[in-house]
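Below, chains carry the letters A, B, ... as their sequence lines are ordered, and counting in each starts from 1. Only a predicted model underlies this, so the values are computations on that prediction, with no experimental measurement involved.
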There are 2 protein chains.
Amino acid sequence: MAGAPGVAMDDIQDDGVSQKVGDRAAVIREALHDAIVDHRLAPGTKLVEDEVGTLFKASRTVVRAALQGLAFDGVVTLERNRGAYVSRPTPEEARQVFHARRLVEPGLAAAAATRATAADLALLDAHLRDEATLGAARGPSARRAEIRASGDLHLKIATVAGNDLLTRFLKELISRSSLVIALYGRTTVSSCGRDEHRSIVDALRRRDGVTAADLMHHHIDHIEADLDYRAGEEASLKDIVFDTDG
Amino acid sequence: MAGAPGVAMDDIQDDGVSQKVGDRAAVIREALHDAIVDHRLAPGTKLVEDEVGTLFKASRTVVRAALQGLAFDGVVTLERNRGAYVSRPTPEEARQVFHARRLVEPGLAAAAATRATAADLALLDAHLRDEATLGAARGPSARRAEIRASGDLHLKIATVAGNDLLTRFLKELISRSSLVIALYGRTTVSSCGRDEHRSIVDALRRRDGVTAADLMHHHIDHIEADLDYRAGEEASLKDIVFDTDG
DNA sequence: CGGCCGCTGTTTGTATACAATCTGGCGTCA
DNA sequence: TGACGCCAGATTGTATACAAACAGCGGCCG
């Protein structure tokens, strides 16, 4: 398949420790989820059940459960009788992801502003410091860490807002955003994001929900503005012509 | 069986036709989902894998996939080594459901106002007529149809808004709302809901997104106001101990 | 008489075997 | 030469067998 580049599943590995507690399927699912969100597994990569099973020393039964879970998260696409692939969001799907984020996250930020405790704010501050450190570092692994950290802040704000359902939904949106950035991102991370993150946290500290919501809205606009939805299309145009995909 | 009250899984059955297309797990999942949302399966009911498998003439492998899917939808709760149960949202979870709906649905209504085509509006009108008919009918099955129809309108508005991700999320919220109503609902359906539905569709027709959003917000408030979060805890306990009629 | 312990049936968790389906290549035929 | 069809290998879909965990119960001991 033309979709799978040289990036294979080499650098995913079982941590070998946590499997004593919780489902083994959950362990595999989280490991793969992390790998996908971190761009260690490229969109389009095929995930063969036996291969994953060998990697994690689990039977296909368990692997299948994990893959189904990832499909529900939207980071993996299941094609009947064909297998599981890391999702390749279309430009339209990508737009919908950011539309959803614009609809949800400002409200979440506003809620967070009224509910943030001193401990919450301390955690967010610590996060901002981490981001600054990561931004100074170089190299691809630092880049990956920076991508993940950026999404994590949004997730932490959602956690402060205190609605588990919305937090879970946002987690899915952020995962999908990561795929979208992998496909259509111009720069990997826009450095202006860090400043905007700081402004948002400042607004939370002032309990200024309206400003926080407004800043969040613009921040998401900026993230999306850094995408080029046409970039990915020409590569996959060939796929579309020969594929009966809508 | 101790856990299962009078409501068992008797009136769920395989339609026997559609299994030629799509996963068999998906068929089971949808049948169970419908049964739960329609209040034919009460919250707390245990779903034994073998039992479901016998009902649908499928092996446990397939049933497990269906149950896992339902767990992702939030209508079923999986307890490790204990089994699958129809979810019983706590009052706190119920509040979060409506908080999420208040955050998402007004925005969805506003988007629908700008995008609704004549065909969309015709579909919504037809839906309002159906609701009126169902409201006039009597009997428990008409009640169930009315509950379902009420949720369906919200879902149709989301569809008009044109964001698949948000539509799917709302579908989950509505499913959970149905469980919440089963547990904490005072009246099964508030008849004022129909009037409010009509007002919202009217606003969509006028392309008045602001009013539509506002009406939707109040509508959700009214739905939640019809709940009694304290009632459920003791009343449902009784439901489980004694065998109340279906 | 009451509480603890181990037994047994039931239910879930996992592995594996087999069937169905897809992919890709080769040979035949027009 | 090109296209069609068929065969072989690989991969997924499903059923089943076995192991582990849980729940209820009866007996034993304090």
Side-chain angles (χ1 to χ4, degrees), chain A residues 1-4 8-9 14 16 18-32 41 44-72 76-87 238-239 241-245, chain B residues 1-5 8-9 14 16 18-32 41 44-72 76-87 240-241:
Chain A
M1 190 56 112
M9 314 197 316
D14 191 352
S18 54
Q19 70 194 31
K20 62 179 184 294
V21 66
D23 291 278
R24 298 204 288 148
V27 175
I28 297 176
R29 182 171 151 207
E30 276 160 39
L32 288 177
L41 281 174
T45 307
K46 176 160 190 186
L47 303 170
V48 180
E49 295 177 356
D50 252 335
E51 213 172 325
V52 178
T54 305
L55 255 169
F56 289 92
K57 300 190 182 72
S59 77
R60 281 181 50 220
T61 308
V62 180
V63 174
R64 276 177 79 82
L67 291 176
Q68 282 184 262
L70 291 168
F72 282 113
V76 155
T77 303
L78 258 36
E79 293 174 35
R80 174 155 181 110
N81 286 325
R82 303 238 11 252
Y85 300 82
V86 179
S87 296
K238 194 173 60 182
D239 282 347
V241 172
F242 299 136
D243 240 341
T244 57
D245 193 67
Chain B
M1 289 299 153
M9 314 197 316
D14 191 351
S18 54
Q19 70 194 32
K20 63 179 183 293
V21 67
D23 290 278
R24 298 205 287 148
V27 175
I28 298 176
R29 182 170 151 207
E30 276 160 40
L32 289 177
L41 280 175
T45 308
K46 176 160 190 187
L47 303 171
V48 180
E49 295 177 356
D50 252 334
E51 214 171 323
V52 178
T54 305
L55 256 169
F56 289 92
K57 300 190 182 71
S59 77
R60 281 181 50 220
T61 308
V62 179
V63 174
R64 276 177 78 82
L67 291 176
Q68 281 184 261
L70 291 167
F72 283 112
V76 155
T77 302
L78 258 37
E79 292 174 37
R80 178 162 178 103
N81 286 325
R82 303 238 12 253
Y85 299 82
V86 179
S87 297
I240 287 179
V241 176

Check your understanding: Checking side chain to side chain contact (heavy atoms under 4.5 Å, CB included) against B:Val62, which of B:Glu49, B:Lys57, B:Arg24 comes through?
Key -> B:Arg24
Practice item. From the options D:dC22, D:dT11, D:dA15, select the nucleotide whose nearest atom is closest to the side chain of B:Thr61. Key: D:dA15
Check your understanding: Side chain of B:Lys46: nearest nucleotide among D:dG13, D:dC22, C:dT11?
Key -> C:dT11
Study note, to complete from the structure: Tightest non-hydrogen contact, residues B:Arg82 and B:Lys46, listed as O-NZ, 3.1 Å
Exercise for review: Among the candidates D:dA15, D:dG13, C:dT11, find the nucleotide nearest to the side-chain atoms of A:Asn81.
Suggested key: D:dG13
**Study point:** Proximal nucleotide (of D:dT11, C:dG13, C:dT11) relative to the B:Arg64 side chain
**Key:** C:dG13
Review point. Looking only at heavy atoms, which two atoms of A:Arg80 and B:Asp23 are closest? And how far apart?
Key: NH1-OD1, 2.8 Å
Point to revise | Atom-to-atom span, OH of A:Tyr85 to C1' of C:dC22 - whole angstrom | key: 10 Å
Revision key, fill the gap. Taken to the nearest whole Å, CG/B:Leu67 to P/C:dG13 is 10 Å
Point to revise | First of B:Arg60 and A:Arg60 reached from the 5' end of DNA chain D, by closest nucleotide | key: A:Arg60
Check your understanding: Of the nucleotides C:dT12, D:dC22, D:dG13, which has the atom closest to the A:Arg80 side chain?
Key -> D:dG13
Check your understanding: Can you tell which of A:Leu70, A:Val63, A:Leu67 makes a side chain to side chain contact (heavy atoms under 4.5 Å, CB included) with A:Arg29?
Key -> A:Leu70
Point to revise | Protein-nucleotide distance (A:Arg24, atom CZ; D:dA20, atom C1'), rounded to Å | key: 12 Å
Revision key, fill the gap. Between A:Ser59 and B:Gly83, whichever has its closest DNA chain C nucleotide further toward 5' is B:Gly83
Study note, to complete from the structure: Note: B:Leu78 and B:Val76 closest approach over all heavy atoms is CD1-CG1, 3.7 Å
Review point. Atom CG of B:Leu78 to atom P of C:dG13: distance rounded to whole Å?
Key: 7 Å
Review point. Counting side-chain heavy atoms from CB outward, which of D:dG13, D:dC22, C:dG13 is closest to B:Glu49?
Key: C:dG13
Check your understanding: For the pair made of CZ in A:Arg82 and P in D:dT12, what is the distance, rounded to whole Å?
Key -> 10 Å
Exercise for review: Rounded off to whole Å, could you give me the CD1-to-P distance for the B:Ile28 and D:dT14 pair?
Suggested key: 10 Å
Review point. Tell me: CG of B:Asp50 to C1' of C:dT11, nearest whole Å?
Key: 8 Å
